[in-house]
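All heavy atoms count here, side chains included; hydrogens, waters and symmetry mates do not.
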Amino acid sequence: MSMVLLARESLGRRLMALSPLAIKTRTLGSIWKNAFGKRKNLVRRETFHGDRVLVDEYAYLEENPLDEIHSFNKKAKKHFSPYYHQICDLGRDIDHNTSIISTLGSKSDPLPHEQWLYWTECDGNGVKKYFKCEKILPPVSENVIQILNEYDLDKNGAIRMRLLRESSAGKKCVGIAVSDHTTALAIFPSPLQDISQVQYIDFGTEISNVEFVENDTAILFTEEENMIPFCVKTLSLCGNKEGDSVKTIFEEHDHRYFVDISKSKDGAFVFINSNRKDSSEIRVIPSLSATTSPLQVVVPRDDCIYFMEHWNGWFYFLTNADGAVNFKLVRAPASTPQKEYWECIVPHSDSEMIRDGEILEGHFVLHCANMTMEEYLLTIDLESLEAKYHRPKAKLGWGKLSFSPAFDRIDGTFSFQLQSDLPTGDSIQWKYDFISNQTLGEEVTLPPNNVQYFDPSQYKFDRLKVNAQDGETVPMTIVYGKNCPINEPTPVLLRGYGAYGTPVSTECGDTEKFFLKQGWKVAYAHVRGGGELGGKWYDDGRKEKKENSIIDYLSCANHLVSEGMTRKGLIVGVGHSAGGFVVATACNRDPAMFAALLLKAPFVDVLNTMLDPSQPLTLHEIDEWGDPLQSKDDYDRLKELCPYQTIRKQVYPPIHISLSTDDAVVPVWQGLKYAKKIERMNLAAKDNHVIVQTHDEGGHAFISSTVLASRCIFVQTALLKKKVQLLL
């Protein structure tokens, strides 16, 4: 199992009653009906910390968003009706391209586990087939076994397997089966021969992870409550009575933490990890006695973040303990894993960060990066502790190292892929031999692509250094056509994120491809709060330093203008989720900088969310945004930063917002409240529209091809109204 180091947007938080320490009063009855049954929308007025009064005229949307969803959808339909045929044609192109790429890249790389290799293949509908074969040399084609075809679970492909585990003996499978209506454990023989062999167990709760233990006679699984895994249970597979077969072995009572389980690569131990953004606490149990052994805490919480693996009698830890913000690798004997017995293997470095790690063939393989955002491998022989660096010769813009290393059945080597998400599309693949501890070769490739729709070879990138207002140097990546001089002013898509220690996504989506083909530039602001430059870069953009994320984003926008790459008013700000916070706040401060905004599921009502512990996103987010309910300073700071709170009467650019009614991470009402307030405060002409398009389903990350096409046309028409000549 790969150990992901940097913090990510969490799955959610549990509901919780208001803290008794909070100094807060609330005017009740923000929504009520009069004697005739007509709904009235009243202003919500709250007082915090004795004298901080918060007024919210759109609070009613938190409880009743449906009317406004219908109203905005009707408005969007009217706005886009003149462009109906353009949107349909572009939407079909997007769907066709997606289908071609899905077909080209439908087979995953084979992953080794014990004596087996595992991989999946997808059809055009995303329905998976699961395969395995013996890891033998030379390969034998006849030993390929199909474990599961998801169509065998449901002929319409309505049941998907979110997670699939095969027992160590290769005789059973357990998975998390997901349909539109429920989530259940699915247990069946390997390979599955008939649907009647599948045993579904629905506990009435969400399940997020599962592992075989005790020689495959039992499983461990995690249950969720209000989106957060908090409980670890065991299920006996030995035919016990139903009431005796399920037992709870651990329950997390601190609502800031969520719980995960994993097995060591050698299968000897199970790790129960309680973690939040600032802290970990791992409990270790032997796999052979997982249902009966006492849980051993390795390092108590509130000390550091750490992740564990086991090999040959040693526990290995990737940790930020003792100020190692960029992480270090340590080890301790399995009999004494406590911190006082840790031995440093790879020390912390201010100039190098460890992003990820994996034990393979007696080596610890580390994915590292330096402060110029160059990525490479560091391998440590776990017998001799000899370390070797392996750096790619080719240059990538921003890479993601695949820690799903593919095993080559011809020569017994492994391949690691460093894949760029940039629109240039290059990737580097290393061939690596663990016996000689040598890199055997390097190949630069392009991912599966439909070059008739978009040809990545026609584009290039540059890495820019931007001086922020406070003197910090902020990296920015810019992509543009090979025949387009970088200092020729064109419109620019500028994407921002800056949260959770997660680098801004440089994925080349359909929006980026559409505008690159129009001769635009696409830029990615690597602002503080992201993970591009290590732990300190993340820490410098969260809580009391969150202001830096907005400073950096606006500094990148100003740099594009001052260097002649664009002009003020020709930048389209792009933000998803917490990126919407950065982009929307930047627009509140300098709306004239932007031609338009494209916001997807934007986290824009941050203050109200963080003041309400009953929201599933609140308690676990305190380490990211602060605690305005308990801290007057945090309250004042967030009120000055929150996009929804800082909307004021001024001229705003056109804004497109895409939402989903079933988004459990950022509720639909956040974008609706923001849009309503912008409409009321906007001093621009009436054709500077705020357009909201809402999906009925799809969750936090989904956006349909129709909405993708619509927002491309939305931006294009907004620029045309500014009399900017585009290549249409």
Side-chain angles (χ1 to χ4, degrees), residues 1-3 108-120 130-137 140 143-148 161-177 185-193 197-199 201 207-222 232-240 245-247 249 260-273 282-293 308-316 334 358-363 382 403-407 409 414:
M1 295 286 290
S2 190
M3 297 187 289
S108 67
D109 290 328
L111 305 181
H113 181 67
E114 298 179 350
Q115 77 270 30
W116 298 99
L117 297 173
Y118 294 89
W119 70 93
T120 62
Y130 294 78
F131 296 91
K132 72 175 181 178
C133 68
E134 289 185 86
K135 192 175 72 174
I136 58 176
L137 300 175
V140 180
N143 73 352
V144 174
I145 300 170
Q146 179 175 295
I147 302 172
L148 171 69
M161 204 61 73
R162 182 194 296 161
L163 180 71
L164 186 66
R165 304 281 194 219
E166 189 179 50
S167 65
S168 57
K171 301 297 184 182
K172 303 177 186 176
C173 281
V174 61
I176 301 174
L185 286 180
I187 303 171
F188 54 89
S190 178
L192 178 64
Q193 303 292 337
Q197 296 176 303
V198 182
Q199 177 188 6
I201 305 176
I207 300 167
S208 55
N209 208 346
V210 61
E211 294 283 359
F212 279 104
V213 293
E214 297 186 349
N215 286 327
D216 309 330
T217 62
I219 59 173
L220 297 185
F221 61 96
T222 52
V232 179
K233 294 185 176 182
T234 68
L235 172 66
S236 172
L237 302 179
C238 295
N240 296 20
S245 61
V246 178
K247 296 180 180 178
I249 65 167
D260 191 26
I261 56 173
S262 62
K263 284 173 72 174
S264 58
K265 287 295 288 284
D266 59 9
F269 292 92
V270 174
F271 306 122
I272 300 176
N273 187 354
I282 297 180
R283 290 164 171 81
V284 179
I285 44 177
S287 295
L288 291 178
S289 55
T291 64
T292 57
S293 292
M308 293 179 65
E309 254 297 354
H310 176 264
W311 183 81
N312 199 24
W314 292 86
F315 282 130
Y316 290 84
E358 182 86 44
I359 288 181
L360 286 169
E361 306 290 312
H363 291 71
L382 296 181
F403 261 136
S404 299
F407 181 77
R409 299 175 67 208
F414 284 81

Nearest-0.5 Å distance that lies between atom CG in D266 and atom OG in S168
12.0 Å
Main-chain N/O of F269 paired to S264 side chain as donor or acceptor, under 3.5 Å
yes
Nearest heavy-atom pair of R162 and I207: which atoms, and what distance?
NH1-O, 2.8 Å
Give me the atom names and distance for the closest heavy-atom approach of Y316 to W311.
CE1-O, 4.0 Å
K263 side chain to F212 backbone, donor-acceptor under 3.5 Å
yes
Testing the basics here: between A186 and V198, what is the closest heavy-atom pair and its distance to 0.1 Å?
CB-CG1, 4.1 Å
Geometric class of the Y118/W116 ring pair [parallel <30°, tilted 30-60°, perpendicular >60°]:
tilted
Hey, could you give me the CD1/CD1 distance between I219 and I201, rounded to the nearest 0.5 Å?
6.5 Å
Does P191 offer a backbone N or O that forms a donor-acceptor pair with the side chain of Q146 under 3.5 Å?
no
Just wondering, do L382 and W314 contact through their side chains at under 4.5 Å, heavy atoms?
no
Please walk me through it: do M161 and Y130 pass side-chain contact (heavy atoms from CB on, under 4.5 Å)?
CA-CA 10 Å; M161 204 61 73; Y130 294 78; 3.6 Å; yes
Mind checking the NZ-SG spacing from K132 to C173? Nearest 0.5 Å is all I need.
7.0 Å
A side-chain contact here means heavy atoms from C-beta on lying under 4.5 Å apart; do F271 and I261 qualify?
no
Could you walk me through whether Q199 and V174 satisfy the side-chain contact (heavy atoms from CB on, under 4.5 Å) test, starting with their C-alpha distance in whole Å, then the side-chain angles of each, then the deciding distance to 0.1 Å, before giving a yes or no?
CA-CA 9 Å; Q199 177 188 6; V174 61; over 6 Å; no
S289 side chain to S293 backbone, donor-acceptor under 3.5 Å
no
Spatial distance of atom CG (L185) from atom CD1 (I176) [nearest 0.5 Å]
6.5 Å
For residues H310 and I359, determine if any side-chain heavy atom of one lies less than 4.5 Å from a side-chain heavy atom of the other.
no
Sole candidate of T291, V210, L220, V246 that passes side-chain contact (heavy atoms from CB on, under 4.5 Å) when paired with L235:
V246
Which residue, I272, I249, V232, V270, forms the side-chain contact (heavy atoms from CB on, under 4.5 Å) with R283?
I272
How are the rings of W119 and F131 set to each other: parallel, tilted or perpendicular (split at 30° and 60°)?
parallel
Rounding to 0.5 Å, atoms OG (S190) and CZ (R165) come to a distance of 14.5 Å
Are D216 and L237 close enough, and set up right, to give a side-chain contact (heavy atoms from CB on, under 4.5 Å), and what steps lead you there?
CA-CA 8 Å; D216 309 330; L237 302 179; over 6 Å; no
Step by step, work out the side-chain contact (heavy atoms from CB on, under 4.5 Å) result for K172 and I187.
CA-CA 7 Å; K172 303 177 186 176; I187 303 171; 5.6 Å; no
From CG (N209) to OG1 (T222), nearest 0.5 Å:
5.0 Å
